[in-house]
Each structure stands twice: as C-alpha cells, then as structure tokens.
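Notes follow the structure.
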Number of protein chains: 2
Amino acid sequence: MASPAPAPVRLPKNYQLILDIVQESGRGRHLTMNDVFAQTSARRPGIGYSTVYRGLVRLRELGMISEIVVPGAVSATYEPAAERHAHFRCTGCSAIEDVDYALPTRVLRRVADKSGFDIAAGTVTFEGLCRHCRAGVHTA
Amino acid sequence: MASPAPAPVRLPKNYQLILDIVQESGRGRHLTMNDVFAQTSARRPGIGYSTVYRGLVRLRELGMISEIVVPGAVSATYEPAAERHAHFRCTGCSAIEDVDYALPTRVLRRVADKSGFDIAAGTVTFEGLCRHCRAGVHTA
DNA sequence: AGCTTAGTGAAGATGACTTTCACTCTCACC
DNA sequence: GGTGAGAGTGAAAGTCATCTTCACTAAGCT
C-alpha cells in the first residue's frame, strides 16, 4: 500500500542498517527476527537484540517493511514493503514464498457489505508442498 | 452442516467433554485453549491442562474440530469442523468472527499452475473493525 | 557546558504452547 | 474374577518468540 516514498525521516544508523538488510534480502525472501539479528550482528557486532526488535517495530510503523504472520510458521517474518500479495508456506520444509495474488477489492467490499464489518485488509495464505518437497524430498 | 457423523471412534470421556464444549460453543464462536480449559475445568474440576491440550490435538487430528490461527491474534482458537470459510479479526476488540467466504478452487488451481507449488489449502483472514467498534466503542 | 530526548544493550518478564514423567485407568483376553 | 499392555492423566517443567524494564550513552539544542 504505502509507496516506498524515500522517507524524509532521518533514521538512526542501526535502524538504517536493519532496513538495508531487509531490503537487500530482496523481494520474496523472508527473514525472521532471528535472521535479521544474525545478519545485523555480523555487520555491527555488539548490537543488542532489543535494538533490532525496536528497529523492526519502527520500520514497520513507518511502512518501510512488512511483518508477515503465516499460520503454522514458528515466527513472524519480515520483508520489504511491496505490492499486496499472498504467501505460501511449504508444509514439508517450512519455507515461505511470495505468491502473486491479492484478494480483489470487490471481494472485500462484498464481504464488508454482507457482514457489516469495516474491513481494512485481507490476507491470504496458501499451504502445500513447494517444488522441492513435492519432488519427493522427504523432510524428517 | 457437516453431519457430525457419530464417529466410530470411541473417545475418552475427557476428550468427549472437550469436543462437546467446542461444539456447544457453536458455529461462529472461537475458543482459545484457555477458554476451553476454563470451561472444561468448570465441568470436571481437577482436569489437567495437558489433558485439554492433548484432547484438542487429538480432535483436530480426527478432523472433528479446527484450529484457527489468525495473524495478529494472541493465541490460536478452536471451532467445530465446518465448511471452509474465512475469519475476521477486529483490530479494536480482538474479536474473531466467521466470514462466509472461501477462495474459489479456480484460484487455487491457477496459483498452483503459476507457482509450481502443490497447493493443498488457502486461508483467508480479514481485519478491520467489527460492528461494535466501528460504532465508536473504544477498547482500551 | 548543561539540558532534554532518543537510542542502546543486557537482562529479565511474559505467556502460549509442548513435553516429560510417574501414576492410574480401561478393557480385551484369559 | 484376574491381569497385563497400552491408553489416558495431572503436575510440573521446558521451550521459545516476543516484549518490557532499567540504567546508561549519544545526539541535538540553547
């Protein structure tokens, strides 16, 4: 939703680093907070977990990154802000992938009308087997 | 809807009680594990938390109840097995409600084709304000 | 320099979920 | 009516992501 509009916001350098890391991970990659912390630590040893945590919160508030919560996943993941899209979780290897699908606004509107709810957003998650796992790779 | 098909399975009485509680809660109600435990305790004081936990796991395995994980919700909720439908979470009061919507299988198929994933299911969650909260009821 | 606010790291708190362990109950089969 | 194997049980502790607290430091302003 938010156009990535190069914020006029001045970001503390730690937060900037976190943003860089999430953005460099690129579209389609999904980093958990632990992942982000690990990468951040590598580049700036000594940084605290709470700083990373707060950075992710802040960046999310600023609309620069998105927090993705996928049912069945152990933890939330973060990705650069992007067009609305769905996610897929592999029940074999737990990988999370982007899926190019978004609920038509027509559906949102219809559901809102029928239910009386004021619907702000809809999220879609698919699950199944990724290309690898369906090919027979058995995950213990 | 789904006739509760009086399972040929013999259910331990604690598990049966748990099933009763979830089913009595009825379509559209969503109980957390704590809720279920509370109600179970009321009817059979002394029952252990782990028994309720195991009961929910078992009943889910048997397909008699569904576990619903809604992004943003603090904990998972349970509901009687029913037709596929979506859920709505109120960002004001955190209530979870049923929504009569399911992704068309056509969508699942199309996404599967495009992505190469073997898609088993898709879940849809809406969020926004429920009738109460949109009416201005402020939830602390 | 002196003040104020934001940012920081370490550590601990919180709370849902899950597992372990030792004990008890059930029940098919004697 | 026994009885032994396996299922069920309750208490308690473990796991783990997430979030908060606290004492301190850095940065910006006057």
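The chains referred to below are lettered A, B, ... by the order of the sequence lines, with proteins before strands, and numbering in each begins at 1.
- Going from atom CG of A/L11 over to atom C1' of D/dA27 covers 15 Å, rounded to whole Å.
- When the nucleotides D/dG10, D/dT18, C/dG9 are ranked by their closest atom to the side chain of A/Y53, D/dT18 comes out on top.
- No side-chain N or O of A/Q39 forms a donor-acceptor pair with one of A/D35 less than 3.5 Å apart.
- The CG-C1' distance, from A/D35 to D/dA17, rounds to 13 Å in whole Å.
- Residue A/E61 contributes atom CD, which lies 14 Å from atom C1' of D/dC19 at whole-angstrom precision.
- Whole-Å rounding puts the A/F37 CZ to C/dA11 C1' distance at 13 Å.
- Proximity note for B/S50 (side chain, C-beta onward) versus D/dG28, D/dA11, C/dA16: the nearest is D/dA11.
- One interatomic measurement links the two molecules: CZ of A/R44 to C1' of C/dT8, which rounds to 12 Å at whole-angstrom precision.
- Atom CG of B/L56 and atom P of C/dT18 are 11 Å apart (whole Å).
- For the OP1/OP2 pair of C/dG7 and a distance below 4.0 Å, the side-chain nitrogens and oxygens of A/N14 include no atom meeting the criterion.
- Of the candidates D/dG10, D/dA17, C/dG9, the closest approach to any side-chain atom of B/R54 belongs to D/dG10.
- Closest to the B/N34 side chain, of the nucleotides C/dA10, C/dA16, D/dG8, is C/dA16.
- For B/D113, the CG atom sits in a packed shell: over 12 heavy atoms of surrounding residues, nucleotides or ligands are nearer than 6.0 Å.
- When rounded to the nearest whole Å, the span between CD of A/E67 and C1' of D/dA17 equals 11 Å.
- Look at B/E24 and B/R43 and you find a salt bridge, because one of the NZ, NE, NH1 or NH2 atoms lies within 4.0 Å of a carboxylate O, short of that distance.
- The shortest distance between side-chain heavy atoms of A/V69 and A/E67 falls below 4.5 Å.
- Distances shorter than 4.0 Å separate some side-chain N or O of B/T51 from OP1 or OP2 on D/dG10.
- Atom-to-atom, OH of A/Y49 to P of D/dT20 comes out at 14 Å; the value is rounded to the nearest Å.
- Put simply, the side chain of A/T32 and the base of D/dA17 share no donor and acceptor less than 3.5 Å apart.
- Summary of the strand contacts: B/K13 and B/M33 both lie near DNA chain C, and taking for each the nucleotide with the nearest heavy atom, the more 5' one is attributed to B/M33.
- Between B/R58 and D/dG8 there is a side-chain polar atom (N or O) within less than 4.0 angstrom of OP1 or OP2.
- Using bins of under 30°, 30° to 60° and over 60° for the plane-to-plane angle, the ring pair B/F88/A/F117 lands in the parallel bin.
- Within the structure, a side-chain polar atom (N or O) of B/Y15 is placed less than 4.0 Å from OP1 or OP2 of D/dT9.
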